[in-house]
Amino acid sequence: MKIAAARIEAFLRQPDPQIRAVLVYGPDQGLVRERVERLMRGVVADLSDPFRVAELRAAQLKESPAALADEAAAIAMGGGRRVVVLRDAADGQSASLASFLANPRGDSLVVVEAGELGPRSSLRKLVEGADNAAVLACYGDEAGTLETVIVAELKASGLMAEPDAMAYLVEHLGGDRRLTRSELTKLALYMGGPGRVKLEDAVACVGDSAARGLDDLALSTADGDHIGAQRVLDKLLNEGAQPVAMLRSVSRHFIRLHLVAGLIAQGKSVDQAMGALKPPVIFKMADRFRRQVSRWPVDRLGRALELLTEAELDCKTTGLPAPEITARALMMIARAASRR
């Protein structure tokens, strides 16, 4: 069965005892790992306990397809329920999981960790259609969810972000839950103790690290520098960045350009329109942003945003390679920018 996004937190707190396997997949690998660990800790407090935790890799099932069912049926020395986690899963492991779900011996919980799976994925279809299994999809945090994560993480360190700082953090984080938490931990260390996080604090700590590559991609695309955009895109992919996170980052930049262009069309000056942005454009990027505003009229910005939305939807629904979908959309937009 598929667990709706609104029910995932409740499921993680109290999983249905009839569920014998959970597939956790998606482009946000930090969130995938976080949810896999929460499911495991719901069964076993000490994840280093070799008698109650078994870890398998997809390659192992190729050599021994029955290994998954055998591990799930094993009894823990000393008692207690076991958890079996299958890492790097893909469609090649569908048969092994199907065999287990058809005759689930023992009482172990099987947690299957996977990357992006399209709607045609046999593994995803198998678990979504099973009564004794559940699917948790992990996509990058939306603004509302991300703000909740930021507030909770900062609160744990006695910190509260001012509105401009919060807007900046929401804009520059969210593609990967683990990276988001890591950046917020770094911000807490930078602050050195309880207090209020100002915009300059957020920019100083986050702006030159996690967001740099995504910012470079958005700026190069809006500049019409398709060669530079392709170079940054390749670098981000090699570093493990997720295509959907890239598309959303570029979309956020174009939404800001669209807002400014719309205000200018209503009679505002460029500076007045840019002054309405929250968070404001970083000083060192202001001239570049102005040039992009002059390059992109409102109607073409609207079309660019449509292309980005269509590309994200295609990444999630078509089963086609997400990196290629992303590259095609960004190169189309960059070339459109170069045709002034």
Side-chain angles (χ1 to χ4, degrees), residues 1-8 11-12 15-16 19-40 55-69 71-72 84-104 109-142 175-177 237 240-248 309-329:
M1 70 178 70
K2 183 178 180 180
I3 306 298
R7 293 184 52 236
I8 288 178
F11 179 85
L12 289 169
D16 184 339
I19 297 297
R20 296 299 312 279
V22 182
L23 169 63
V24 189
Y25 80 95
D28 188 338
Q29 285 298 288
L31 185 55
V32 168
R33 284 295 179 97
E34 182 176 303
R35 287 176 172 170
V36 165
E37 184 172 325
R38 288 181 65 181
L39 287 166
M40 295 172 69
E55 182 168 321
L56 296 172
R57 295 281 173 179
Q60 292 175 254
L61 295 190
K62 290 183 180 180
E63 300 175 1
S64 179
L68 180 64
E71 285 288 357
V84 180
V85 59
L86 174 60
R87 307 281 189 189
D88 308 319
D91 288 349
Q93 288 69 60
S94 297
S96 294
L97 186 59
S99 177
F100 165 72
L101 292 174
N103 182 29
L109 175 67
V110 173
V111 183
V112 182
E113 177 186 290
E116 181 75 68
L117 298 174
R120 299 177 184 175
S121 162
S122 61
L123 183 63
R124 180 174 159 185
K125 285 182 177 180
L126 167 68
V127 182
E128 287 180 343
D131 293 333
N132 58 348
V135 172
L136 306 183
C138 301
Y139 293 100
D141 290 314
E142 302 289 352
D176 183 288
R177 179 70 69 86
L237 289 170
Q242 297 300 317
V244 169
M246 298 184 216
L247 290 169
R248 289 182 178 177
T309 300
E310 290 167 3
E312 180 174 344
L313 184 62
D314 287 346
C315 286
K316 296 177 181 178
T317 61
T318 63
L320 297 173
E324 283 77 359
I325 293 172
T326 301
R328 179 177 180 275

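All heavy atoms count here, side chains included; hydrogens, waters and symmetry mates do not.
A heavy-atom distance below 4.5 Å is not found between the side chains of Val127 and Val112. Here the side chains of Pro104 and Asn132 are in contact, with some heavy-atom distance below 4.5 Å. Using a 4.5 Å heavy-atom threshold, the side chains of Leu97 and Leu86 count as separate. Residues Gln60 and Arg87 are not in side-chain contact: their nearest non-hydrogen atoms beyond the backbone lie 4.5 Å or more apart.
Between atom CD of residue Glu116 and atom SG of residue Cys138 there is a gap of 10.5 Å, rounded to the nearest 0.5 Å. Rounding to the nearest 0.5 Å places CG of Asp314 at 10.0 Å from CG of Leu247. Rounding to the nearest 0.5 Å gives a distance of 5.0 Å between CD1 of Ile3 and CZ of Phe11. Between atom CD of residue Glu113 and atom CZ of residue Arg35 there is a gap of 13.0 Å, rounded to the nearest 0.5 Å. Here CG of Leu23 is found 5.0 Å from CG of Leu123. Values are rounded to the nearest 0.5 Å. Rounding to the nearest 0.5 angstrom, the gap separating the CD atom in Glu34 from the CG atom in Asp28 is 8.5 Å.
Within 6.0 Å of CZ on Arg7 lie no more than 12 heavy atoms contributed by other residues, nucleotides or ligands. More than 12 heavy atoms of other residues, nucleotides or ligands sit less than 6.0 Å from atom CG of Asn103.
Under a 3.5 Å cut-off, the side chain of Asp91 and the backbone N or O of Ser122 do form a donor-acceptor pair. A distance-only check finds no donor-acceptor pair linking the side chain of Arg38 to the backbone of Leu12 [under 3.5 Å].
Between Lys316 and Glu312 there is a salt bridge, with a side-chain nitrogen of the basic residue lying less than 4.0 Å from a carboxylate oxygen of the acidic one.
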